[in-house]
Structure formats: C-alpha cells, structure tokens
Amino acid sequence: MRISNFFIQTLREDPIGAQIISHKLMLRAGMICNVHHGVYTWLPLGLRVLQKIEKIIIEEQNRIGCSQVLMPTTQPASLWEKSGRYDGYGMEMLRIKDRHGRELIYGPTHEEIATDMAARFIKSYRQLPVIFYQIGWKFRDEIRPRFGVMRGREFLMKDGYSFDVDVAGALNSYQKVFFSYLRIFRRLGLRAVPVRANTGAIGGNLSHEFHIMAEVGESELFYDKAFDEIDIENVSFDEVERIYTAADEKHDASACEVPGDRLVTARGVEVGHVFYFGDKYSKAMNFAVTGCDGQPFFPQMGSYGIGVSRLVAAIIEASHDEHGIVWPEAVSPFSVVIITAKNDDAKVSQIAEELYERLLGSGVDVLLDDRAERVGSKFSDMDLIGITSQIVVGTSALAGTLEWKDRKTGERSLLSFDEVVEKAVGRA
Ligand code: 5CA
C-alpha cells in the first residue's frame, strides 16, 4: 500500500477526553473515530489490526473443529421470551420496534439465535458434538461506556456456542475452547490468565474469564503464584484447575487457602469469557434431540466469547512506549514500512520504489511512506503508528545501504537491498 492511497491521519497532541493510554494512542494514530456515545468507526489503520486479530481467531477456532457462521445483529424479541431472558436482561438491551410494531432487539449476545439455528438442523445425537462461532457486532447499552473501544456500547465479539450429547462431552468442548483461547492470546503476543468467574446474565455452572494484566483493568484478580510457573499449553485442564485463580467476586479473602506470600493480586482487562450452562437454553427453547436409545434429550451447551475490538486496546495497553504503539508482529497493521528519508533525490526515491515493488511482488504486507514531508515528522508518525519493522531509504541507499529499524528495541542494522528483501520476506 502506498501511503498516498491510504487514509492516515495522525495527531501530535493527546486528544481531550481520552483518559487511558490505549484510547489516546488509538485516536492519535487515527485508528478509530467516535460516532456517538461508546460507538466508533474503525478507520483503515485500526481495521487492519482488527482483521489481523480476526484471522488468528478464525485459524485457531477452525483448528479445533469449530464451524464459522454469521448471525444477524437484530433478533426477534420472541426468541428471548422463549428462553426467559427478555424481561430479566434489563436496561443494557437495546429494544427496537419495526414498522409492523414487532419487537426486535440489537443482540447483546446470541445464545438464543444459536440455539434456534441448531434446533432447525440437529435432530439426532449422531450430529453432535458441534461448535458454531461467529465474529459479529453486539450492542450493550452500558451505563458507563468509557476508555474508547475498551468498554464500548457497540463492539465486536467472537462468540461461540457448543452443543453436546452429555456433560462429559460438554466439558470436553469447554476445555478445547479454553486451550484454543490460550493459544489465540499467545499468538497475539499476550499472556492471558484464566480465572474462575461468575456466570452473570449468561447463567450456568462453570465459567472462566481470561484477563490481560494492565493497570487500567477494571477487574481485580487473585491467583496462586504457581500459575506463573506452569507452561500453560502443556498442562491438562485438571492441572490448571488445581491452581487457585479467581475474579474478585469469586475471591473470599477469609476462606482462601493460598498463603499470603504466594497470592498474587493484579488488575486485569477481561478479553475472553467462557461458560458451561448445561441445558439451560436447549430446555427453555425446547431443543430436543433423539439419543442413541431413541429417547429425546436436551443438548448440553456452552458459550464462549472474545472481545475482539477490546483486544486492540488491551494489546496497546500491554505494548507501547513514550513514542507510541509497539505492535506485536502478528497484529501489526503492516508487516513493514518503507520510509523514504530523502524525497527530493530522484535516485533515492527510485530505490524505495524498487524495494516496494519487490516486497509487494513477494507477498509482503508493506506500506510505502513516500510523503514529501519533513523526515523527522515521518519518523515520529511511524513510531506512533507502531508498525513492527521500519526500512529507511536515505542517501546511503545510493551506496547500496539501507537501514532496518526494529520498532520495539529501536535497534538499527545496515543491510544491503537484497538482505532487506530477504529479511522482510522472512517475516511475511
Ligand atoms: N455469550 C457470552 C459468550 S459468547 C458472552 O456474551 N460473554 S461476555 O458477556 O463475557 O462477553 C464476551 C467478551 O466480550 C468479554 O469477555 C469482553 O472481552 C467483551 N465485552 C463485553 N462487553 C464489552 C464492551 N462493552 N465493550 C467491549 N468489549 C466487551
């Protein structure tokens, strides 16, 4: 992408009204733009990050055998009356009337739609287990939307729904998704801590929240230091469960058996939440399936959420410096940026162009910053935006030397044209 064909709008100063660093940086880098209370447009740069996160989620969910669908944002109130949640859900639910006076809602979550969809197709135990998921927009009329996309009213969620023949099957689905989430967060460059949590409006018997440690986190967490010492992806679910972890509402200081010197207290941003709730919805919505004994039964269900748009802010909270955002490689809006540091020299520009074409041709997700601006302001823009690797093409390029700068460490190395190509292609 040429920057002249790409909409980028950066701000030098912190915008007023933004309280936390991720919100400030997302506005300054031109990733989002506020539309109304707690609702944002995703600008091209922000959308690229969102899509990179989505891609990783999709790969990891497909890997464990989940099937992607796309459900609508509007839902008929009748399905919520059937599940028994319509009256209880409260002020957070946006209720709408269509031209025929029919009551609709803008979905805050999709258990009802997923259950209704499964009921239309799944008639026999032989069709189970199945896990559906989607990446879609939700609306929750939060009483206090704040911190930009961290707590919005309209936000992007990955939500998944599992259907199993029995409790053991449902727990197996729960555990599969649990470990898939840990892998997703690791690929995003994050360390997530799963903690035992309450089930709230979704309901059920078993639930974990996944948190990214950050000072601005709205939740307080408690966990045994033993958690820091395990290799989370190479342990069994039972081993993880044996280690004490709890969201604040689950933690009882007087009953907690973890010795004080082992108990870690931290603040976290909730980026994922998984629930097992048995036949709560299948039973209420009369979704029965024929079992192997010929008798009907209600499938065992779970639901699984990731705050996709919130993750963008959480990643920035976890990865920034005084110059701006520092994207983990996997979600960097572009893999590399070529910065021409001597625009008025036709030969230098020519080399930058050649490099750009070579990288594009090799499938590298590359941005070319060939703006005729002061080079200092180009550097500070690119540091603010946080693309993982910068290639600077200046006068030394005439003698065959380009500069590769690592955004995170600030390390610079001088490389030849071919070495730069090789390194950039290796990243793609
Ligand atoms: N139905 C279940 C799972 S599919 C569910 O709705 N779970 S949830 O309520 O916990 O939401 C899932 C995730 O969405 C949360 O872990 C959080 O990361 C994200 N989320 C929830 N509310 C907001 C919000 N107001 N703004 C941004 N992200 C949010």
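Just so you know, these numbers use all the heavy atoms, side chains as well, and skip hydrogens, waters and symmetry mates. When a ligand or atom number is given, it counts from 1 through the structure's own listing order.
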Is it the side chain (CB and beyond), the backbone, both or neither of Thr109 that lies under 4.0 Å from ligand 1, heavy atoms counted?
side chain

With a 4.0 Å cut-off, would you call Glu357 and Arg2 a salt bridge?
yes

Strictly under 6.0 Å, is that where the ring centroids of Phe178 and Phe210 end up?
yes

Which one of Arg310, Glu215, His211 satisfies the side-chain contact (heavy atoms from CB on, under 4.5 Å) criterion with Val269?
Arg310

Where does Val149 meet ligand 1, judged by heavy-atom distances below 4.0 Å: at the side chain, the backbone, both, or neither?
backbone

Mind checking whether Glu270 contacts ligand 1 via backbone (N, CA, C, O), side chain (CB onward), both or neither, at a 4.0 Å heavy-atom cut-off?
both

Less than 6.0 angstrom separating the ring centers of Trp80 and Tyr89, yes or no?
yes

In ligand 1, the atoms that come under 4.0 Å of a heavy atom of Met150 are 26 (N), 27 (C)

Knowing that exactly one of Arg242, Arg196, Arg262 qualifies, which makes a salt bridge (charged side-chain N to carboxylate O under 4.0 Å, His left out) with Asp224?
Arg262

Quick check on contacts: which atoms of ligand 1 are under 4.0 angstrom from a heavy atom of Tyr304?
3 (C), 4 (S)

Relative to atom 1 (N) of ligand 1, which among Glu111, His273, Glu142, Arg140 owns the nearest non-hydrogen atom?
Glu111

Would you mind checking which non-hydrogen protein atom is closest to atom 22 (N) of ligand 1, with the distance to 0.1 Å?
Phe155 CZ, 3.5 Å

